[in-house]
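Whatever order the structure lists ligands and atoms in, that order sets their numbers, starting from 1. Residue numbers start at 1 and run along the sequence shown.
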Amino acid sequence: MKIFVINCGSSSLKFQLLDMQTEELITSGLVERIGIEGSCYLINDGQEKHRVFTDLPDHAVALQHVLDALVDPKFGFISSLDEISAVGHRVVHGAEAYASSVLIDDDVMNELEKCTELAPLHNPANIIGIEAIQKLMPGTPNVGVFDTAFHQTMEPAAYIYALPYEMYTKHGVRRYGFHGTSHKYVSERVSAILGRDDLKVVTCHLGNGASVTAIDSGKSVETSMGFTPLEGLVMGTRSGQIDPAIISFLMDKENMTIDELNNMLNKKSGILGVSGVSSDFRDVEAAADEGHERSQLALDVFHRRVKRYIASYAAVMGGLDAIVFTGGLGENSGRSRKLICEGMEFMGVEIDDERNDTRGKEVEISPEGAKVKIYVIPTNEELAIARDTLALTKDLV
Ligand code: ADP
């Protein structure tokens with residue numbers, strides 16, 4: 001069974017084709033600048049990446065090019081689209097309607113439209129991607145896999161904001177959490193490695209977007225992103241948690257509109273905002289090494305924030321068996337992992353420097369016999385989406 005996985009953004013899309021007999025990747029690629037001048041798609045044939053510049057006015061045209069490339073005999077990926085048994089779509093927001101992945105039908109499409117209000121930047125692109133596939137591959141089942149679904153196990157004490165309760169009942173203002181597919185994937189991996197399903201785990205997905213989740217016996221009980229992905233950790237360009245009173249204060253002092261302020265919090269803050277150098281951790285680490293003080297400060301603020309979440313989540317769960325690092329930074333920066341964990345030895349958190357000198361591989365980085373096991377586990381959201389897609393569609397064919 002071959003599963004096609006797509007992740008649609010407003011002007012881009014990423015895709016993978018997987019053979020689920022072996023869970024091997026057949027090909028992957030991305031499309032950039034959809035509807036913008038200079039649009040192109042890139043497809044990987046295993047040896048090299050082929051980039052093709054062509055006019056891609058919308059997602060349907062972009063996907064048509066990608067599907068043509070998949071069946072192009074020059075690449076030899078598949079000989080016909082009939083070989084694709086189902087398509088898995090990453091969908092950002094499933095609100096309270098979806099606690100797990102779902103086979104898409106008309107009712108689901110209506111529900112996704114309703115969720116758009118909560119994720120105006122993301123869900124419309126996800127919906128467009130599903131509609132394009134429905135048009136281009138009629139009869140092929142589609143599955144929606146939600147970033148929010150895994151966190152639907154949180155209790156009200158974890159997800160209710162201390163606002164007038166009607167803000168929740170009238171407008172759905174509550175904590176939803178994101179990156180759920182990744183947190184679920186790496187927590188299942190750590191359970192499999194340790195052979196236990198009763199673990200108290202904190203998973204740290206640290207990339208451009210970053211979040212921490214507390215997982216007790218396989219269930220998400222707390223997560224750092226909230227109503228939107230803006231809450232929680234310091235990120236590449238997002239502020240994460242701030243005092244909400246800062247918003248009206250700055251609107252007044254800087255004479256900013258709410259849109260300008262939102263843009264500042266989402267696009268100009270985080271390690272970019274503090275360092276003034278870059279949103280990319282590699283650049284900021286390099287600048288700090290050269291003595292750039294604000295870069296060092298940005299990293300210090302980032303590491304301290306992650307530490308706070310790990311320790312407070314251990315308290316919420318009443319214990320801690322394992323910490324997992326994943327995402328571009330979590331998988332590759334031994335220095336960040338070390339600085340985040342430093343100072344938590346009192347609660348059994350300890351890093352083995354030699355083991356921690358690793359990048360992008362699944363490995364334990366705590367010392368032999370450590371009380372809290374610490375792992376680097378590369379995430380694989382596409383594989384997780386493909387697995388859910390297979391599980392929901394295998395009896396249909
Ligand atoms: P996204 O949220 O866009 O999926 P990723 O998970 O790919 O992001 O993570 C991207 C971040 O990971 C970037 O800031 C990048 O600098 C950082 N990163 C990747 N490799 C390293 C490395 N070797 N050292 C430090 N940071 C790294």
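- Of the polar atoms of R282, at least one N or O is found under 3.5 Å from an N or O of ligand 1, judged by distance alone.
- Those atoms of ligand 1 that come under 4.0 Å of a heavy atom in G209, given as number and element, are 2 (O).
- The distance from ligand 1 to the heavy atoms of L329 drops below 4.0 Å at these ligand atoms: 12 (O), 17 (C), 25 (C), 26 (N).
- Residue E331 places no heavy atom under 4.0 Å from ligand 1.
- Figure legend: cation-pi geometry between R305 and Y309 absent, as NZ or CZ is not positioned both under 6.0 Å from the six-membered ring centre and within 45° of its axis.
- Checking only distances, F281 does come within under 3.5 Å of ligand 1, N or O to N or O.
- With salt bridges taken as basic N to acidic carboxylate O contacts below 4.0 Å, none links K219 and E155.
- The protein heavy-atom contact nearest to atom 10 (C) of ligand 1 is N208 N, 3.8 Å.
- Residue G236 places every heavy atom at 4.0 Å or more from ligand 1.
- Of all the atoms in ligand 1, the ones that sit under 4.0 Å from a non-hydrogen atom of G327 are 6 (O).
- Residue L206 has no nitrogen or oxygen atom sitting less than 3.5 Å from a nitrogen or oxygen atom of ligand 1, judged on distance alone.
- Listed by number with element, the atoms of ligand 1 under 4.0 angstrom from any heavy atom of N332 are 19 (C), 20 (N), 21 (C), 22 (C), 23 (N).
- Comparing G328, S182, A210 by heavy-atom distance to atom 7 (O) of ligand 1, the nearest is G328.
- Inside a 4.0 Å radius of atom 4 (O) of ligand 1 there is not any protein heavy atom.
- Note: no N/O pair closer than 3.5 Å links S333 and ligand 1 by distance alone.
- Per-residue contacts place E285 under 4.0 angstrom from the following atoms of ligand 1 (heavy atoms of the residue considered): 25 (C).
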